[in-house]
Peer 1: 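Structure below; questions to follow.
Lettering follows sequence order; numbering is per chain, from 1.
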Protein chains: 2
Amino acid sequence: MLAETRRRLLLDLITRQGYATLDSLVRELGVSDSTVRRDLEALDLAGSIKRTHGGAVYAGEVRSMPAFDDRTGTAAAEKRAIGATAAALIEDGDTVLLDGGTTTLEVARALVGRRVQVVTNSLPIAQLLAASQQTDLILLGGYIYPRTGVALGPLAIAAMQTIRVRTAILGAGGIVPEGVFNSNSLLVETERQMMRCGQEVMIVADHTKFGRMALARLCGLEEATSIVVDGGLREADRAMLDGAGLRVHVAQANDGRANGVPAETSRGERERNDV
Amino acid sequence: MLAETRRRLLLDLITRQGYATLDSLVRELGVSDSTVRRDLEALDLAGSIKRTHGGAVYAGEVRSMPAFDDRTGTAAAEKRAIGATAAALIEDGDTVLLDGGTTTLEVARALVGRRVQVVTNSLPIAQLLAASQQTDLILLGGYIYPRTGVALGPLAIAAMQTIRVRTAILGAGGIVPEGVFNSNSLLVETERQMMRCGQEVMIVADHTKFGRMALARLCGLEEATSIVVDGGLREADRAMLDGAGLRVHVAQANDGRANGVPAETSRGERERNDV
DNA sequence: ATGCTCCGTCAAAATCTTTCATGGTGCTTG
DNA sequence: CAAGCACCATGAAAGATTTTGACGGAGCAT
């Protein structure tokens with residue numbers, strides 16, 4: 001094999017994984033360790049990789065190490081599509097209340113740079129939107145729940161009593177015919193108040209949430225106004241939502257860079273309401 | 001496993017949970033405790049985490065808000081020393097209110113992993129402490145002031161009316177005989193309420209703040225209880241503070257790894273008040 | 001005191017660097 | 001043309017270095 005080809009292959013292997021042990025590279029290429037060492041040294045000198053004891057790591061962007069993304073990985077593409085679709089339903093100038101959670105965080109991502117007023121009790125969402133010039137951000141205080149970084153409790157509830165928004169966007173831990181559930185009763189308590197703040201209540205949830213229950217019941221299905229789900233929604237669940245009188249928006253996850261055009265809308269047009 | 005990979009994994013585990021015991025990390029990675037210790041030490045040195053008794057907590061930089069870094073450069077070492085000294089004056093189990101600002105952010109850094117209850121209106125500080133298991137965090141909500149990431153306004157003030165803390169720690173834009181000044185009147189309004197919340201009021205400010213005025217007067221010197229300054233404090237300013245009846249703590253910035261022992265304390269010992 | 005954690009030391013294992021031998025390639029030269 | 005030679009990439013081995021795991025004593029809080 002040509003030395004140049006071998007090095008390119010080497011770089012490719014390391015880049016793909018983010019790292020590689022010398023041993024694995026020797027086995028992969030079928031050359032001696034000396035050769036691999038020399039190649040790695042050259043690549044290090046060129047700045048493409050960084051040599052470490054026992055192997056090498058990719059020197060460029062920290063492509064967030066595939067192994068580390070496990071948890072976020074659950075229905076990530078679906079969540080992104082849901083976020084884009086939900087954001088597309090928000091008008092410029094609107095006020096939105098965003099609950100905590102990974103799905104609502106995707107909504108926030110899709111809202112970055114939009115001229116909207118966002119109220120949230122989620123620290124990650126606040127962090128995301130604080131830098132934005134266009135977005136007005138109002139943070140709900142309270143006791144910060146360490147695992148998820150959301151503000152809960154009486155302080156958060158009290159703060160919401162003086163706040164009204166056009167749309168309250170809430171996540172869900174589980175959705176069954178009996179209603180919407182979440183895992184934590186303190187969280188549910190706070191979310192109930194959120195629902196009172198919103199002229200409309202939008203639930204965002206990927207299809208895996210359907211048929212699952214969680215600890216605490218947030219509300220009945222009919223208490224929400226609309227829901228955004230991904231394409232994996234089963235027909236029976238769709239019927240259940242329609243039956244409860246919800247506007248159902250199905251987000252298509254086909255293309256990676258979802259452009260946020262809602263793919264499907266049932267039960268009439270949403271009324272325009274520019275400010 | 002590659003050492004580099006192991007460290008990244010380690011950092012990821014700690015970042016995810018905010019805190020991890022050494023034991024849990026040993027079990028998770030399947031390596032010896034010595035190795036984990038060494039890795040944690042390296043990560044601590046790099047500033048990514050902070051080593052604690054029996055484990056480690058996340059202490060990484062608060063990214064994605066570049067605006068905050070600009071001012072950090074000024075008197076960075078002094079500020080770190082001030083932070084360490086101020087944190088050393090806080091007892092375990094205490095409740096503390098932390099104002100926004102780069103100096104108070106250093107106080108928060110020094111408090112990471114301590115068993116204290118922190119109330120703050122600063123997004124960066126909240127971000128820093130949200131992960132920590134030992135630290136209870138209560139966030140004050142309100143309109144997020146984009147430039148600095150602090151929550152201000154009526155919502156913040158209202159939230160504080162139900163809160164009492166042992167020590168309120170406030171930053172200052174300028175300190176002159178007429179009192180303590182800050183640059184923004186909305187900020188000052190909020191800070192006034194902070195002072196009412198605290199049994200004691202501690203001002204943290206590096207020596208460059210002395211003799212400088214700012215837009216809005218926060219309070220007279222005598223309204224604060226104590227002040228933490230760095231070693232650059234001039235004699236005349238020291239006399240001014242003493243004259244106002246403040247406890248003055250001078251932070252020594254000599255060693256890089258500030259251990260937080262107050263270098264000098266005037267006007268009596270601080271009284272112990274364990275919970 | 002007891003249990004837990006931390007720190008320093010040490011030996012074993014893994015890895016790195018250096019050095020040298022081998023074989024192929026291309027050029028020079030008789 | 002072909003032998004000789006320098007050159008280079010490669011593989012292998014030896015000694016140096018780093019990393020790792022284990023152990024014992026020190027420090028600290030309960």
Peer 1: Are there over 12 heavy-atom neighbours, none belonging to Arg8(A), within less than 6.0 Å of that residue's CZ?
Peer 2: no

Peer 1: Rounded to the nearest 0.5 Å, how far does CG of Leu187(A) lie from CG of Asn121(A)?
Peer 2: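 Asn121(A) atom CG to Leu187(A) atom CG measures 8.0 Å (nearest 0.5 Å).
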
Peer 1: Identify which nucleotide among dG11(D), dA22(D), dT5(C) has an atom closest to any side-chain atom of Arg37(B), counting heavy atoms from C-beta outward.
Peer 2: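 Closest nucleotide among those given: dT5(C).
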
Peer 1: Over how many whole Å does the gap from Arg27(B) atom CZ to dG21(D) atom C1' extend?
Peer 2: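 In whole Å, dG21(D) C1' and Arg27(B) CZ are 18 Å from each other.
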
Peer 1: Of the nucleotides dG11(D), dC16(C), dT20(D), which one has an atom closest to the side chain of Thr35(B)?
Peer 2: dT20(D)

Peer 1: Checking contacts here: which listed nucleotide (dT10(D), dT15(C), dT20(D)) is nearest the side-chain heavy atoms of Ala3(B)?
Peer 2: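 So the side chain of Ala3(B) is nearest to dT20(D).
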
Peer 1: Taking atom types as modelled and ignoring hydrogens, do the side chains of Thr208(B) and Asp206(B) form a donor-acceptor contact shorter than 3.5 angstrom?
Peer 2: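 Yes, Asp206(B) and Thr208(B) have a side-chain donor paired with an acceptor closer than 3.5 Å.
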
Peer 1: Between Ser32(B) and dG21(D), does any side-chain N or O lie under 4.0 Å from OP1 or OP2?
Peer 2: yes

Peer 1: Where the side chain of Arg51(B) is defined as all heavy atoms beyond and including C-beta, which of dA22(D), dT10(D), dC6(C) is the nearest nucleotide?
Peer 2: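 For the Arg51(B) side chain, the nearest candidate turns out to be dC6(C).
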
Peer 1: What is the separation between atom CG on Asp44(A) and atom P on dT17(C), rounded to the nearest whole Å?
Peer 2: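 Taking CG of Asp44(A) and P of dT17(C), I get 10 Å after rounding.
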
Peer 1: By nearest atom, which of the nucleotides dG21(D), dG11(D), dT10(D) is closest to the Val31(B) side chain?
Peer 2: dG21(D)

Peer 1: Could you state the atom-to-atom distance from CZ of Arg6(B) to P of dT19(D) in whole Å?
Peer 2: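 Between P of dT19(D) and CZ of Arg6(B): 10 Å.
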
Peer 1: Whole angstrom is fine here: how far is it from CG in Leu40(B) over to P in dT20(D)?
Peer 2: 13 Å

Peer 1: Quickly work out the Met1(B) CE to dG21(D) C1' distance and round it to whole Å.
Peer 2: 15 Å

Peer 1: Are OP1 or OP2 of dT17(C) and a side-chain N or O of Arg38(A) less than 4.0 angstrom apart?
Peer 2: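 For Arg38(A), the contact criterion (side-chain N or O under 4.0 Å from OP1 or OP2 of dT17(C)) is not met.
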
Peer 1: How many Å lie between CG on Leu22(A) and P on dT15(C), as a whole number?
Peer 2: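 Going from Leu22(A) (CG) to dT15(C) (P), I get 8 Å.
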
Peer 1: In whole Å, I'd like the distance from the CG atom of Asp39(A) to the C1' atom of dT17(C).
Peer 2: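 So the CG-C1' distance, Asp39(A) to dT17(C), works out to 16 Å.
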
Peer 1: I need the CG-C1' distance between Asp33(A) and dA12(D), as an integer number of Å.
Peer 2: 9 Å

Peer 1: Regarding Thr52(B), tell me which of base, sugar-phosphate or nothing describes its non-hydrogen contacts under 4.0 Å with the strands shown.
Peer 2: sugar-phosphate

Peer 1: About how many Å separate OH of Tyr19(A) and OG1 of Thr52(A), when rounded to the nearest 0.5 Å?
Peer 2: 11.5 Å

Peer 1: Checking side-chain polar atoms at under 3.5 Å, does Asp94(B) have a donor or acceptor matched by the opposite partner on Gln117(B)?
Peer 2: no

